[in-house]
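Everything on this sheet refers to the single structure shown next.
Computed from heavy atoms alone, side chains included, the values below leave out hydrogens, waters and symmetry copies.
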Amino acid sequence: MEEARWGFSDGSVTDLLEARGLHGATDINKRVQFHSSLVQRLALEKELEGHLGCVNAIAWNSNGSLLLSGSDDTRICIWSYGNGELLHDIETGHSANIFCTKFVPETSDEVIVSGAGDAEVRVFNLSRLSGRRPIELSMEPTAVYQCHSRRIKKLAVEIGNPNVVWSASEDGTLRQHDFRECSSCPRARSANQECRNVLLDLRWGAKKSLADIPKQPLALKSCDISSVRPHQLLVGGSDAFARLYDRRMLPPLSTCQTKKEPPPCVKMFCPIHLADTRKSNLHLTHVAFSPNGKEVLLSYSGEHVYLFDVDLENTSSLRYTADDVREQLCLPPFNKELAKLVPKQQKFHVDTFKKLMQVATKSLEMGTDLMHGVEACSTVLPAVDPYIDDNMKHDCLCTRAGLYLKRRWKNDVYMAIRDCNSARCIDSRSFQAHLYIAEALLQLGRLKEASEYVDALNFLVPPYSGSVKQVENIKEQLFAAELEKNKKDQVGNTNTDARHGRLRSLSDILFRSDASGSSSQEGREDSDYDDEMELDFETSASGDESRDSDPGFVRCSLSLRFHRRDSQTDEHSGENGSAESTHNDDSAYQPEVAIDMKQRYVAHCNVGTDIKQASFLGEQGEFIASGSDDGRWFIWEKRTGRLIKMLVGDGAVVNCIQSHPYDCVVATSGIDNSIKLWTPDANATSMVAGPEIDVSSVIENNQRKLSHNREIMLRAGREVVARDENKAGWV
């Protein structure tokens, strides 16, 4: 493929190996571990078989000699990295799916911990196995913590600390379990349940937009502790915002008897275009620190994977408040009284970048191979002086914006606006940037702002026919959109009057459309009634072959919860005690500041499961990997966002991706009962590992699933609705 010749920023692996002999091995080994030449050749080496259900968790020990796995079969398996042998098969005693497992540091790999859907954290000491292997019928845990009231989705450990493990649960709390203090605790909601181990109480921590006061429980899905700065704790859950806390600044450990206001976080991360969506189904499935602790990676359900800077010094990352969201996504057009033109700096053009720009320009003109064109631009833009001048940067930004608008993958329209705003920082009177912003605003249905940009184009249009025709086309599109909006408004008013006072069935709420009956389009929020619905769709495969003869059968559960939007209470109220304080004094709430993304990774689909991971590969973390609902996993170059590799890793869904600490090896797992190990293969040189397929078609199919994730999930519950909608209780 042509993109294989574009080259990478990590240089020649041969040069690195020669330098290792001259300058030492430590830094060179890190750079060689996941070198681009090795990543491009990753292929399946072996499968580890032993589980009887979905493998939801995998983890390497510190030196990479052992691999730990947890499954729906409630068992933990420990594997030898050297030969793939199953060393221990432990029946944990959990009564529900295991979602997370960890080796506890500094214990000679003898202490492991698991968290599961039964809301329990269990600790096991492998030294009690007395050398028996590989089959262990059962093993008594050394500690059982039952203080959570909902599923435990993630565990965290601190390098060098053998005494403490942290657990993140959907009950809205993150707890700190110290093995030295107690080895068990009463079950949640029991009369004597007073475990003083709540480090973060976020039962009033979730919100739908940056401007909102947090009033709903933040069901935690993931957490991570920085390996470089272990006082930094990152959490993500049932809203769009990842929060970074400094453990040294948190209040003392508390019980869950009293619900408290959430403590302030040190930093908050969210792409600016997701900060005001108000969609109740938008949430994080995974958060992770980079190996050097300077970046964080977030994976969203129904969304993409995003990269953020933690340290904002010497970076261009944007910090924004709620007031900035709309302004940053739609800066006003230039001042029609001659704006000052900033002269563009002239610098040397490298031939490679010129060729890439030709590729991108051709893709835009022809309207074909748009992904290839976007990646060509993404390769040019990160270049620094003296390799790219302001003219090329401006043209590249505008070209990529045009490609985004033609491609129309999820949130491409927002990426186009970002690029156009960056282009306007170079040339405030850029005709092409203003034209594409007008088109983007039209796609978003923001007709008033689009009209302002169309007016501005009259002052900017170059005196040649091509540009004049473009302006006329955008005016016609705007006029047609305004007519359509007026028609919908009239029909909507009529339907609202007819619907007033009528009881709503469950299907009215689940499958409602807009007033005209048309399907939703990008940028328009789902309509909301006063009653608000939360939907939780989950797939699993239990491994109980006696229940279903079809090996491809996937069990689904659909949970629906309704509450009043204006209600101050939530499903957790009254649980384990009453509230100590409330948010009634809204005037005292201080608006929060969030950090915007610096890179986006697009190709996968994350809709069906809420444990899907996105990971940094290797000690350098120069490549990003994520699982997908189509049974594949994808690898991108971190710096450019360019897709490098696509591999088939599961018969249904890939959830977990963990790279080896020191070797170029990746372990993956998902709905299948096996774990797969991937290593470089000299014969694997293309982007696709396995039978050659149309990469663009696969990715476009994933983007369609992302764009319609709500419809897909609701369709799975259609039979339930048809059966129950006539019941009088559903209103």
Partner residues of [X] under the salt bridge (charged side-chain N to carboxylate O under 4.0 Å, His left out) criterion, sequence neighbours left out:
| X | value |
| --- | --- |
| Lys485 | Asp489 |
| Arg247 | Glu158 |
| Lys267 | none |
| Lys612 | Asp629 |

Using side-chain heavy atoms (C-beta onward) and a distance below 4.5 Å, is [X] in contact with [Y]?
| X | Y | result |
| --- | --- | --- |
| Val607 | Leu706 | yes |
| Lys705 | His604 | no |
| Met415 | Met597 | yes |
| Pro217 | Ser238 | no |
| Leu444 | Glu449 | no |
| Trp204 | Pro262 | yes |
| Thr101 | Val113 | no |
| Phe308 | Ser317 | no |

I'd like to check the side chain to side chain contact (heavy atoms under 4.5 Å, CB included) partners of [X]; sequence neighbours left out, ordered by chain and number.
| X | value |
| --- | --- |
| Asp224 | Ala288, Phe289 |
| Cys656 | Ile58, Gln613, Ser669 |
| Ala594 | Leu210, Met268, Tyr320 |

Test of understanding: with ring-ring contact (aromatic ring centres under 6.0 Å, His included), list the residues that count as partners of [X], not counting sequence neighbours.
| X | value |
| --- | --- |
| His304 | none |
| Tyr404 | none |
| Tyr300 | Tyr306 |
| Tyr601 | Trp636 |

Supply the atom-to-atom distance [X] [atom1] to [Y] [atom2], rounded to the nearest 0.5 angstrom.
| X | Y | atom1 | atom2 | result |
| --- | --- | --- | --- | --- |
| Leu233 | Met249 | CG | CE | 13.0 Å |
| Arg196 | Asp178 | CZ | CG | 14.5 Å |
| Leu282 | Leu274 | CG | CG | 5.5 Å |
| Glu295 | Phe269 | CD | CZ | 10.5 Å |
| Ser167 | Glu120 | OG | CD | 11.5 Å |
| Leu155 | Cys223 | CG | SG | 7.0 Å |

Donor-acceptor pair, side chain of [X] and main chain of [Y], under 3.5 angstrom:
| X | Y | answer |
| --- | --- | --- |
| Ser451 | Leu447 | no |
| Asn421 | Arg418 | no |
| Lys410 | Gly302 | yes |
| Asp201 | Arg203 | yes |
| Ser628 | Cys605 | yes |
| Ser169 | Arg151 | yes |
| Ser615 | Ile657 | yes |
| His283 | Asn281 | yes |
| Asp596 | Leu318 | no |

Minimum heavy-atom distance [X]-[Y], with the two atoms named:
| X | Y | value |
| --- | --- | --- |
| Val593 | Thr321 | CG2-CG2, 3.8 Å |
| Ile98 | Asn56 | O-ND2, 3.0 Å |
| Ser209 | Asp276 | CB-OD1, 3.1 Å |
| Ala119 | Ser149 | CB-C, 4.1 Å |
| Ala96 | Ala116 | O-CB, 3.8 Å |
| Ala481 | Leu442 | CB-CD2, 4.0 Å |

Between Asn606 and Ser299, a side-chain donor and acceptor under 3.5 Å: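 There is such a pair between these side chains.
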
Asp419 and Ser422: side chain donor to acceptor below 3.5 Å: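 Per modelled atom types, Asp419 and Ser422 side chains form no pair under 3.5 Å.
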
Trace of the side-chain contact (heavy atoms from CB on, under 4.5 Å) decision for His177 with Asn197: CA-CA 6 Å; His177 309 283; Asn197 60 5; 3.6 Å; yes

Verdict with reasoning, Ser290 to Lys638, per side-chain contact (heavy atoms from CB on, under 4.5 Å): CA-CA 11 Å; Ser290 64; Lys638 183 183 75 173; 5.6 Å; no

Criterion side chain to side chain contact (heavy atoms under 4.5 Å, CB included) against Leu202, the qualifying member of Asp239, Thr173, Leu218: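 In the set Asp239, Thr173, Leu218, the residue that makes a side chain to side chain contact (heavy atoms under 4.5 Å, CB included) with Leu202 is Leu218.
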
Selection residues 224-253 - residue pairs positive for ring-ring contact (aromatic ring centres under 6.0 Å, His included), sequence neighbours left out: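 Residue pairs passing ring-ring contact (aromatic ring centres under 6.0 Å, His included), neighbours aside: none found.
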
Verdict with reasoning, Lys221 to Thr285, per side-chain contact (heavy atoms from CB on, under 4.5 Å): CA-CA 6 Å; Lys221 306 289 185 179; Thr285 65; 5.6 Å; no

Evaluation steps, salt bridge (Lys or Arg N to Asp or Glu O under 4.0 Å), between Arg600 and Asp412: CA-CA 10 Å; Arg600 179 180 70 144; Asp412 272 358; 2.6 Å; yes

Residues Glu592, Arg243: salt bridge by 4.0 Å N-O rule: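 Looking at Glu592 and Arg243, the cut-off is not met.
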
Test log, rule side-chain contact (heavy atoms from CB on, under 4.5 Å), inputs Asp309 and Ile595: CA-CA 8 Å; Asp309 280 316; Ile595 298 172; 5.5 Å; no

Lys294 NZ: over 12 foreign heavy atoms closer than 6.0 Å: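 Counting other residues, nucleotides and ligands, NZ of Lys294 stays at 12 neighbours or fewer.
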
